[in-house]
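Have a look at the structure below before the remarks.
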Amino acid sequence: MNLKGRDFLKLLDFTQEEIVYLLDLAAELKEKKKNGILVDHMHRGKNVALIFEKASTRTRCSFEVAAHDLGMGTTYLEPDSSQIGKKESVADTARVLSSMFEGIEYRGFDQSIVEELAKYSKVPVWNGLTNEFHPTQMLADLLTIREHFGYLKGIKLTYMGDARYNMGNSYMVTCAKMGMHFTACTTEKYFPDQALIEECRAIAATTGGSITFTEDAFEGTKDVDVVCTDVWVSMGEPDEVWEERIRELSPYQVNKAIMDNAGETAIFMHCLPAFHDLNTGIGAKIAEKFGITEMEVTDEVFESGKSLVFQEAENRMHTIKAVIAATLGE
Ligand code: CP
Ligand code: NVA
């Protein structure tokens, strides 16, 4: 398997075998890290640019730690601190950065921006989250599911909430690619784009996976292996949508009744950050305004033994390290 020189923009661009290869490499790098075996010879002397047009804890830290572990230097471009998009086009930025760096990470808005960056970059471009997709998150989730269950094919995964945004879209693509059974459990308004559904159904037909939609929270979570969700309002969306999201998505909150319905062996996953208590600025403001103390997941489920969220967060770093290592030539 040779992924040298490839961009990592969305999982639709990768075969099942390539995804498994990245997961195997991530598992190997994780094992080395746990055993104190250094890998800083792998890409010593190289540098990566990390463009963040939206906030981040996990993705930024994962790219920085992974790059440092591989022997590389990093330059972090925070939201609003570079010329990108304002005084300088994406195409010009790509040509400048790829003359100085061996790889470029981009987190921001439309998928078309990261695709444009990749088109004009001479070096690999990695998608650290766009409105449409969050592919590095998917590798972390797959690694976590595989570590827990021991396999991926045939796993039943239900996503609850806003299924038409980056996380919902990405889970649907991922399940189709890996031969897993995806259910989006939400009201029809929040179902993914029809063209993407059709593309994923065609992929699922070749892998043994399936794509299902239901508005019934109990039907959608009955006897599934993985229940996952995401925030009801994503970065970049206006505050005005909170009221409607709370009203429309509250029936899809992941709570004890949902996890009990999923069954004894089901696990809970969330890309994080999560609104499961009042210990966040936004969570406290929402509580004051709308009188709710938990949102997409209850604190009880979040803190339960079924919740793999922190293992999932750690796996961001190992999987991102695999993406960097493989696309720059392992
Ligand atoms: N899950 C995730 O992408 O987290 P950050 O926004 O903290 O990077
Ligand atoms: N849907 C969320 C994911 C955060 C990791 C957002 O885009 O804000």
Side-chain angles (χ1 to χ4, degrees), residues 8-11 26 48 50-67 74 76-79 105-111 113-114 126-145 159-174 184 186 190-193 196 226 228-242 245-246 248-249 252-254 268-276 279-283 286 295-297 302 307-321 323-324:
F8 190 77
L9 306 179
K10 53 189 184 302
L11 284 198
V48 291
L50 308 175
I51 306 171
F52 281 81
E53 300 206 281
K54 289 178 179 171
S56 170
T57 296
R58 276 145 293 273
T59 311
R60 175 191 174 177
C61 293
S62 295
F63 270 97
E64 291 206 7
V65 173
T74 58
Y76 171 65
L77 296 165
E78 64 189 296
E105 180 276 354
Y106 173 84
R107 163 173 287 200
F109 297 90
D110 292 353
Q111 180 71 14
I113 301 173
V114 79
W126 308 300
N127 178 358
L129 176 145
T130 58
N131 294 347
E132 291 88 342
F133 295 113
H134 197 3
T136 60
Q137 180 73 50
M138 289 303 108
L139 292 184
D141 286 33
L142 286 176
L143 184 63
T144 309
I145 294 168
Y159 176 83
M160 307 191 70
D162 183 1
R164 62 190 177 174
Y165 217 69
N166 44 27
M167 288 301 295
N169 288 342
S170 298
Y171 277 127
M172 183 168 70
V173 170
T174 302
T186 185
Y190 296 96
F191 289 174
D193 173 65
L196 186 63
V226 185
C228 40
T229 187
D230 183 18
V231 289
W232 289 339
V233 177
S234 286
M235 290 183 281
E237 295 195 291
D239 282 350
E240 293 71 62
V241 300
W242 272 110
R245 296 290 166 83
I246 291 168
E248 293 170 346
L249 296 176
Y252 304 99
Q253 180 192 62
V254 183
F268 169 72
M269 296 183 77
H270 190 310
C271 61
L272 305 183
F275 292 118
H276 59 94
N279 299 327
T280 64
I282 295 175
I286 294 297
M295 289 195 245
E296 72 274 11
V297 56
F302 186 90
S307 171
L308 265 55
V309 295
F310 295 110
Q311 183 179 334
E312 182 184 1
E314 179 192 327
N315 283 339
R316 298 296 311 285
M317 199 283 283
H318 305 298
T319 46
I320 282 173
K321 194 186 288 179
V323 170
I324 299 175

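Just follow the structure's listing: the first ligand is 1, and inside any ligand the first atom is 1.
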Practice task
Any chance you could lay out the side chain to side chain contact (heavy atoms under 4.5 Å, CB included) test for Glu312 and Glu314, step after step, and finish with the verdict?
Solution key: CA-CA 6 Å; Glu312 182 184 1; Glu314 179 192 327; over 6 Å; no

Handout entry: Check: Ser234 N/O within less than 3.5 Å of ligand 2 N/O
Key = yes

Exercise for the section: Determine, stepwise, if the pair Tyr106 / Asn127 fulfils side chain to side chain donor-acceptor pair (under 3.5 Å). Expected result: CA-CA 5 Å; Tyr106 173 84; Asn127 178 358; over 6 Å; no

Exercise for the section: Could you tell me if any non-hydrogen atom of Leu272 lies under 4.0 Å from any atom of ligand 2? Expected result: yes

Could you list each N/O atom of ligand 1 together with any protein N/O atom closer than 3.5 Å, one pair per line with the distance?
residue, atom, partner, partner atom, Å
ligand 1, 1 (N), Gln137, OE1, 2.9
ligand 1, 1 (N), Cys271, O, 2.8
ligand 1, 1 (N), Leu272, O, 2.9
ligand 1, 1 (N), Arg316, NH1, 3.3
ligand 1, 3 (O), Thr59, OG1, 3.0
ligand 1, 3 (O), Arg107, NH2, 2.9
ligand 1, 3 (O), His134, NE2, 2.8
ligand 1, 3 (O), Arg316, NH1, 3.1
ligand 1, 4 (O), Arg58, NE, 2.8
ligand 1, 4 (O), Leu272, O, 3.4
ligand 1, 6 (O), Arg107, NH1, 2.9
ligand 1, 7 (O), Thr57, N, 2.7
ligand 1, 7 (O), Arg58, N, 2.8
ligand 1, 7 (O), Arg58, NE, 3.2
ligand 1, 7 (O), Arg58, NH2, 3.0
ligand 1, 8 (O), Ser56, OG, 2.6
ligand 1, 8 (O), Arg58, N, 3.4
ligand 1, 8 (O), Thr59, N, 2.8
ligand 1, 8 (O), Thr59, OG1, 2.7
ligand 1, 8 (O), Arg107, NH1, 3.4
ligand 1, 8 (O), Arg107, NH2, 3.1

Handout entry: ligand 2 atoms in contact with Cys271 (distance to a heavy atom under 4.0 Å)
Key = 5 (C)

Handout entry: Tyr76 versus Glu64, side-chain donor and acceptor atoms under 3.5 Å
Key = no

Handout entry: Those residues that, when tested against Glu53, pass salt bridge (charged side-chain N to carboxylate O under 4.0 Å, His left out) (two or more places apart)
Key = none

Practice task
For Glu296 and His270, test the side chains for any donor-to-acceptor distance below 3.5 angstrom and give the result as yes or no.
Solution key: yes

Handout entry: Proximal candidate to atom 1 (N) of ligand 2 [heavy atom criterion; set Val231, Val233, Asp230]
Key = Asp230

Practice task
Heavy atoms only: give me the nearest Asn166-Asp230 pair and the separation to one decimal.
Solution key: OD1-OD2, 4.0 Å

Handout entry: Ring centre gap for Phe302 and Phe310 strictly below 6.0 Å
Key = yes

Practice task
Compare all side-chain heavy atoms of Val48 with those of Phe63 and state whether any distance is below 4.5 angstrom.
Solution key: no

Handout entry: Any N or O of Arg107 closer than 3.5 Å to N or O of ligand 2
Key = no

Completion exercise
atom 7 (O) of ligand 2 has as its nearest protein heavy atom Asn166 ND2, 2.8 Å

Handout entry: Residue part near ligand 2, for Thr59, under 4.0 Å between non-hydrogen atoms
Key = neither

Handout entry: Heteroatom distance test (Met235, ligand 2): nitrogen or oxygen, under 3.5 angstrom
Key = yes

Handout entry: Under 3.5 Å: N/O of Tyr165 near N/O of ligand 2
Key = no

Handout entry: Sidechain-backbone polar pair: Thr59 side chain, Ser56 backbone, donor-acceptor under 3.5 Å
Key = no

Practice task
Determine, for Glu132 against Lys10, whether the closest basic-nitrogen to carboxylate-oxygen distance falls under 4.0 angstrom.
Solution key: no

Completion exercise
Near Leu129 (heavy-atom distance under 4.0 Å), the atoms of ligand 2 are 3 (C), 4 (C), 5 (C), 7 (O)

